[in-house]
Amino acid sequence: MTEASSRNGADQPTHRYTAELAQRIETAWQARWDAEGTFDAPNPAGALSDGFEAVADRPHLFVMDMFPYPSGAGLHVGHPLGYIGTDVYARFKRMCGFNVLYTLGYDAFGLPAEQHAIATGVHPRVNTEQNVANMRRQLHRLGLSHDRRRSIATTDEDYYRWTQWIFLQIFNSWYDSESGRARPISELEAQFASAERATPNGMPWAEMSSVQRRELIDQHRLAYLSEAPVNWCPGLGTILANEEVTAEGRSDIGNYPVFKRNMRQWVMRITSYADRLLDDLDRLDWPEPIKIMQRNWIGRSEGARVRFPSPAGAIEVFTTRPDTLFGATFMVLAPEHPLVKELTSERQRDEVQAYVRQAVSRTEVQRQEEGRDKTGVYLGTQATNPTTGQPIPIWVADYVLMGYGTGAIMAVPSGDQRDFEFARRFGLPIVATQMPPDDWFERHGIAPTVHCDTWPEAYIGEGRYVNSANESVSLDGDRTVSEAKAIINQWLEQHGHGMGTVTYKLRDWLFSRQRYWGEPFPIVYDETGLPIALPESQLPVTLPDLEDFKPQALEPDDDRTDPIPPLARATQWVEAELDLGDGPRHYRREINVMPQWAGSCWYELRYIDPVDDQAVVDPVNERYWMGPRQPGDTGGVDLYVGGVEHAVLHLLYARFWHKVLYDLGHVSSEEPFHRLFNQGYIQAHAYRDERGQTVEASEVVERDGRYFHGDSEVKREYGKMGKSLKNVVTPDEMYDSYGADTFRLYEMSMGPLDASRPWNTRDVVGMQRFLQRVWRLLIDEETGVTRVEDREVDAETLRVLHRTIDGVRADMDGLRFNTSIAKLIELTNHLMRSGSAPREVADPLVLMLAPLAPHLAEELWSRLGHETTLAHQLFPEADPAYLVDEQMEIGVSVNGKPRARVLVPAGADEAAHESAARADDRIATLLDGRPMRKVVVVPGRLVNFVVG
RNA sequence: GCCCGGGUGGCGGAAUGGCAGACGCGGACGACUCAAAAUCGUUUGGAGAAAUCCGUGCGGGUUCGACUCCCGCCCCGGGCACCA
């Protein structure tokens, strides 16, 4: 015992609700919940179905969090915000009679464990298991009501066996665009074999060699090998993410050169699902901003490919705005465009060559850094605008990138800001194709005109079409952009100048990593070098043990050799003798591993059936927990809570995998997560001294609005909680100083769950005081005796109680835990004024507190004489009789200014409202002698007199 | 530059278009204490002696009435970026 606590202990009442008592209560109840399996949710079928009959006719709910990466640093108080939120909700719903599936797993593959292993030589599994154990301990101490039988880690062999199994499902499928869904690859083979589907080069299936057949089929798989552009860093021996490459085109770590090159990689054909991923967003209960982000990421745009005749043949461009084609007054090629050389005139040769050389030597990042100053050079030749027949100059400029579209654009300066700036810079013509609305001109302070000389910028949007007609087509007049696109696309096709196309920003998903700590692919290669799927019976393909986990570093300038991933070192494992049905033969295993996303793409399914060794998930259990609730529903997890940083990648990848599994008939739900909720972040203040060094935030003191670390003044800033800012507060510190219930309550009371908020340890004590008041209300602090009275409750208290029940219920349902806490405090403060609690009020108070502060609530519930846990007690229901008052207090305003409050009987009519308002002395004085213009009466709310 | 959020007391925040500031922290005063801490009670947006006036980033608008709805701007946070 510390000095401080022993001193307090001596002076305080023996039975006060202190941190110490809270800890005793909390650990005792956690042990009991574990022993009794209080939060085990029965499945309808399989190993976890014990006790299902008892809940079979109840409603059910699947609540989950985005699972954590078990980092070595453990948790800080920012991490559990969402977990506490889901726990409160899960506990509340359980008390509303729901069978609730709620658990938490660990996303345990990934780079930090691997880097730790490289640095220390300790196997990543050892380190990962330690980290998982530590996080489990920290979270368990928080009292989360997880079904612990269902907690998985993505690194478990029993788990990644099924990750590999799903990979095989995807590998063994193709996307049938006729029916708009994935189908088994065998059905595609059958189509080729029966000649129902023609082979690309017309060669009959029967005459194709087995290698030719395999190559053809492999081109259609949803998981396929492809040359993909990557950032290759030979000095590190790995491929880097964009964010790991510096602006100078070198590696963040080690400062080695990085090369952009194509490399053979596993890729997933997510683009096949682009339209479904887009359309089904409309059927999901997700925050609108997240839907918008996904829509933007998928980036569907209807445009056209247009061919512009030129001296070197047709130049093909892609445009999203074919409706502005009449306004294309020049063309721009990327410096790398193959036709640049051919189209350059003799006179311009030197200038163009110099420009191209300079542009190509720059990284993409540098080209972007130049900001708004456009550069470019005229090639000296011209193409023809197919709509107007007019010659238009061809330029080369580095704002056009070879990697997008066709590497050439038609420039419509009146309708594209970059083209507009380029045209202004080089004095190129600008022709309007659409008339901006009047307010656009007004905003820019110019008179409406179709002549663009006065326009300060391009106009992008809807507008009456002008200058857009030739002998065979006219867009002129009022029509929407999409109508105009349809007309011009049809014209392009009819006249052989191009065709309408749909494009997406979304690209296929690069799925291989040159790492160690990830799922091995269930793939081997034979002498042809073509991939072969292992049969299900040979899963899991386990990771071989290694001593050294580093990828092999090469000469820093070697941009030709292929990467040598760590698994290449496991030569025994790589070179395998296997019987795949045609006798033992020699194969080479795939030495890449899957990305960290793989394990998180389907974990909701395994929560449902964590120990099933026959199937990824038993269809009966999947249908029960995730199946559509009504015809037309997508189905999916009822509530998925996590940070907004996963708005795009994780949520899109998981949706894609789920849809493949749906198409193949493995799940009944079309979407993994029906309702999504983004919790905010807990942020914290950090402090820097004069040298810009962060100092330990806990040692900083405030004096008169200034901050000091020791004697020196420090500057305060605000950011994410983390080691680098030295502002970490851990849950363990909170357990020690206040207990888990106070900590939970504080996090929930700080603000709405979806808002970010600053951590302030100083404020925590408020929630401890609240819990102390609840405790003191029911327990004598001196004797420890429970004091609850079987007496008549006064009418006012009943009204307060039932209003609280009504409000708290609604708040909990809407995840508004901050306001539900405020209501419970008000009820408690009301009861404290009379100094004691009648049983009729004590029981519901404790039950309402239970989701938020479950340990204290259980303890009080038990001391109130109840023998079983309150986890499944019914949440109190408000008696509507107490929700209506006999009298209503309404506001009285004069000219909109509140001037008085008066009482009117419940159900009073408008006239009664008005006369009650007029009867008030103050109001009468204010109205005296002034002409009445209008009287507004909102029954039960207010009366507003509008006077002259 | 574009997209998405958000600006309310000293601080975190509350408010179906209807009393702005619930609840908590902090502050002030008081009780208990030799004293302090802890706890409890009262009080606390600003100005003013008071009546009252002013107050939800700024400027307009709609409305009997705007923190809330509309238009324009400023600032902060997050994401994306010459994606045609």
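Because the structure is a prediction, the values reported are computed rather than measured. Letters go in sequence order (proteins before strands), and every chain restarts at 1.
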Atom pair distance, as rounded to whole Å: NZ in A:K291 and P in B:C4: 15 Å
Nearest-angstrom distance, C1' atom, B:A20 to B:U56: 7 Å
Residue matched to B:U56 through Watson-Crick or wobble contacts both under 3.5 angstrom: none
Presence of A:R776 side-chain N/O under 4.0 Å of B:C40 phosphate oxygens OP1/OP2: yes
Short side-chain to backbone donor-acceptor contact, A:N385 and A:A328, under 3.5 Å: yes
A:M750 CE - B:G13 C1' separation (whole Å): 10 Å
Donor-acceptor pair between A:R773 and A:Q768 side chains, under 3.5 angstrom: no
Sugar-phosphate only, base, or nothing, as touched by A:E288 at under 4.0 Å among non-hydrogen atoms: nothing
Options B:A84, B:C25, B:A15, nucleotide nearest the side-chain atoms of A:T320: B:A84
Inter-nucleotide P distance (B:G5, B:G72), Å rounded: 15 Å
Sugar-phosphate only, base, or nothing, as touched by A:T319 at under 4.0 Å among non-hydrogen atoms: sugar-phosphate
Partner nucleotide, any strand, of B:C23 [Watson-Crick/G-U, under 3.5 Å]: B:G12
Under 3.5 Å side-chain donor-acceptor pair for A:T271 and A:D508: yes
Per-nucleotide protein contact string for nucleotides 74-79 of chain B, where B marks a base within reach and S marks sugar-phosphate only (heavy atoms under 4.0 Å, - for neither): ------
B:C23 OP1/OP2 closer than 4.0 Å to side-chain N/O of A:R769: no
Check: A:I430 and A:T329 side chains under 4.5 Å, non-hydrogen atoms: no
A:K291 side chain vs A:L278 backbone, donor-acceptor pair below 3.5 Å: no
side-chain contact (heavy atoms from CB on, under 4.5 Å) evaluation trace for A:F420 with A:V412: CA-CA 7 Å; A:F420 184 89; A:V412 183; over 6 Å; no
Rounded distance in Å between the C1' positions of B:C69 and B:C54: 24 Å
Whether A:W759 and A:Y746 hold their rings parallel, tilted or perpendicular, with breakpoints at 30° and 60°: perpendicular
Euclidean distance, atom NE2 of residue A:H337 to atom P of B:A84 [Å, nearest integer]: 17 Å
Separation of B:G13 C1' from A:F817 CZ (nearest whole Å): 17 Å
Same-atom distance (P) from B:A36 to B:U44, integer angstrom: 25 Å
Nearest-neighbour nucleotide for the A:P752 side chain, B:G13, B:C25, B:A20 considered: B:G13
Please list each protein N or O that sits under 3.5 Å from an N or O in nucleotides 50-57 of chain B, with the distance.
unit_1: B:U52; atom_1: OP1; unit_2: A:R922; atom_2: NH1; d: 2.7

Side-chain ion pair, A:R918 and A:E914, N-O less than 4.0 Å: yes
Reported CZ-to-CG distance for the pair A:R799 and A:L883, which is rounded to 0.5 angstrom: 11.0 Å
Sugar-phosphate, base or nothing in reach of A:S749, heavy atoms under 4.0 Å: nothing
Separation of B:G18 C1' from A:H913 NE2 (nearest whole Å): 12 Å
Shortest side-chain distance from A:D398, nucleotide among B:C82, B:G12, B:A84: B:C82
Chi angles and distances behind the side-chain contact (heavy atoms from CB on, under 4.5 Å) call for A:L824, A:F770: CA-CA 9 Å; A:L824 288 171; A:F770 164 50; 4.1 Å; yes
Protein-to-nucleotide contact annotation, 5' to 3' order, nucleotides 64-69 of chain B [B base; S sugar-phosphate only; - none; under 4.0 Å, heavy atom]: B-----
Interatomic distance at P, B:C19 relative to B:G65, whole Å: 15 Å
Side chain A:R941 and base B:U16 donor-acceptor under 3.5 Å: yes
Separation of A:F945 CZ from A:N895 CG (nearest 0.5 Å): 11.0 Å
5' priority, RNA chain B, between A:N296 and A:R16 [closest heavy atom]: A:N296
Spacing between A:F422 atom CZ and B:C82 atom C1', to the nearest angstrom: 12 Å
Separation between the C1' atoms of B:G9 and B:G45, rounded to whole Å: 5 Å
Pair A:S301-A:Y504, side-chain donor/acceptor within less than 3.5 Å: no
Nearest-Å distance for atom pair CG/C1', residues A:N829 and B:G41: 12 Å
Distance test, side-chain N/O of A:N818 to OP1/OP2 of B:A14, below 4.0 Å: yes
Rounded P spacing from B:G27 to B:A37 in Å: 11 Å
Minimum-distance nucleotide to A:I292 side chain [options: B:C11, B:C4, B:C23]: B:C4
Atom-pair distance (CZ on A:F770; P on B:A22), nearest Å: 17 Å
Pairwise P distance for B:A15 and B:C23, with rounding to whole Å: 13 Å
Watson-Crick/G-U partner (both atom distances under 3.5 Å) of B:G17: none
Mutual orientation of the aromatic rings belonging to A:W509 and A:Y653 [parallel < 30°, tilted 30-60°, perpendicular > 60°]: parallel
Of A:E826 and A:Y746, the one whose closest RNA chain B nucleotide lies more 5': A:Y746
Salt-bridge criterion met for A:R16 and A:E782 (N-O under 4.0 Å): no
pair A:L506-A:I270: side-chain heavy atoms closer than 4.5 Å: yes
